[in-house]
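Here's the structure we're looking at; comments come further down.
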Amino acid sequence: MYKYLLLCILMLFLFSCEDESNTYEVGSSWTSAQSKMVMIDTLTMKMSTIIMDSVTTSGKNVMLIGNIKDQTFGKVTSSSLFELTPSTYGITSPSSAVFDSIVMYLTNTDFYYGDTLKSFKLNAYPLQDRIKLNNGYLYNKSNFNYSPNSVGSAEFYPRPGTDSSYVKMRLNQSYGLSIFNTLKNNDVATQENFLNFFKGLALVPSSDNNAMMRFKMNSTYEVQINKSTKEKVSNTVRLYYHTTSQNGTELLKYTLDLKPSSTYSYNKIGYDFSGSELANLTPKTPIPSQNLGNKTYLMAGIGVFTKVEVPYLKSLKNLYQNYKVIDATLSLSPVAGYYSNNFYNPDALYYYWGDKLNHIVGSYSQSDGSSEITASLSSASEFQNEHSYDFSFKTYVNTILSESADSNYNTLIYPSSYTDVLSGKVVFGDQKNKTNPAKLKVYMLGY
């Protein structure tokens, strides 16, 4: 009698239930004939949208450049800043070498986001500040000055994965000649010396773009330089020069590459939520889902997370004298109307342990700790309201139930790895969303 009275009380303040249609007798092999497996699917969840103060954007060997503008997230802008490292600190046959030109090649092989039917514009600016790491990292809000005077520009139609997927940007002759003469005159012998003269470049998108491009630093591409010449290039600044043979009749052509640094490079990603659905979001002011039409938001690169809390989870311990959590799954569904070719749902989402201050304190990892666990989009159904990301929640439930004090943990969900810079984004429904409600199912064995 006590057990059923307690269950009735719990239903009033937990918003949880035991559905007899999902109850199964398991017999005495576990404990006794009174053992039950129950599925509890009405635990209250608190969901909100938060934004981190900053996000790591260094160390990924990618350049993310562009602008995204929409009613949902407002405006997001990304520029790429990096040091340049010469392949050598000298010029072949310096006494007779003559500078020809300087070009930057960018290879876009795997990613774009937004409107690629419109031409894409970007400019190159020389850095005025040395790039310095902050405890080994650089962040989306790291700031280093660059000159207001462009040394090169490009305008093109994005065609990732095609023969036109590279960008050739001719840099100013004066900029190239300055680098050429510095190397020709043996003014530098080390990278430290070189950086005293040339601190790097910033690639900045035009303000009227509405697309995001990703250029891999280590990817290579064979480009048609002219009608008769092909060259294999990666993301590099290539300096062209020539000498003549001893008899002065033969032209000898040379190149010297200046590679973007994989260590001293990052993506400077800013945002402006003015006039958007997230207009009131700041690192200190999360927005509960009920204030956003029963929705939560995620966006990588700028650190917009969905936060999930289950405030009454510990009270499940009172249902039975002894219990075992068999499984638990959190299902989140993208909200209808927020999905299109220009607003795609990422293939996989990552989730993390968060504390009360919304700091990430750990990741959900495989049992051997080898890699992070992800949740993939299930889209087998032809109906979008049945598409969902299913997160394994058993570890979370067991951890919270094993605590003796009030829990300090929540779950933070992000569109990509925490240190990635992909600009994928998702809008989820919470439990009360009419078309795409969030669902939490806990399977327990009680006896």
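Quick note: residue numbers are just sequence positions, from 1.
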Margin query: Looking at every heavy atom in both Ile302 and Val55, which two are closest together, and how far apart are they?
Written below: C-CG2, 3.7 Å
Notebook entry, point to check: Under 6.0 Å between the ring centres of Tyr351 and Phe391?
Noted result: yes
Check: Side-chain donor-acceptor pair under 3.5 Å between Asp355 and Asn408, yes or no?
Finding: no
Notebook entry, point to check: Going by atom types alone, do Asp187 and Thr182 pair a side-chain donor with an acceptor below 3.5 Å?
Noted result: no
Next item on the list: Look at the side chain of Ser93 and the backbone N and O of Ser96, then say whether any donor-acceptor pair between them is shorter than 3.5 Å.
Entry: no
Check: What residues form a salt bridge (Lys or Arg N to Asp or Glu O under 4.0 Å) with Asp257, not counting sequence neighbours?
Finding: Arg238
Next item on the list: Quick one: sort the Trp353 and Tyr409 rings into parallel, tilted or perpendicular, breaks at 30° and 60°.
Entry: perpendicular
Next item on the list: Anything under 30° is parallel, anything over 60° is perpendicular, the rest tilted; go ahead and classify Phe273 against Tyr271.
Entry: parallel
Notebook entry, point to check: Without hydrogens or angle criteria, can the side chains of Ser207 and Asn209 be said to hold a donor-acceptor pair below 3.5 Å?
Noted result: no
Check: So, Thr107 and Asn235: side-chain donor and acceptor under 3.5 Å apart, yes or no?
Finding: yes
Note to self: Using the rule given for salt bridge (charged side-chain N to carboxylate O under 4.0 Å, His left out), can you reason through Glu192 versus Arg130, listing the C-alpha separation, both sets of side-chain angles and the distance that settles it, and then say yes or no?
What the structure shows: CA-CA 11 Å; Glu192 189 68 22; Arg130 287 278 300 272; 3.2 Å; yes
Checklist line | Side-chain H-bond candidate by donor/acceptor type, Thr306 with Thr296, under 3.5 Å | finding: yes
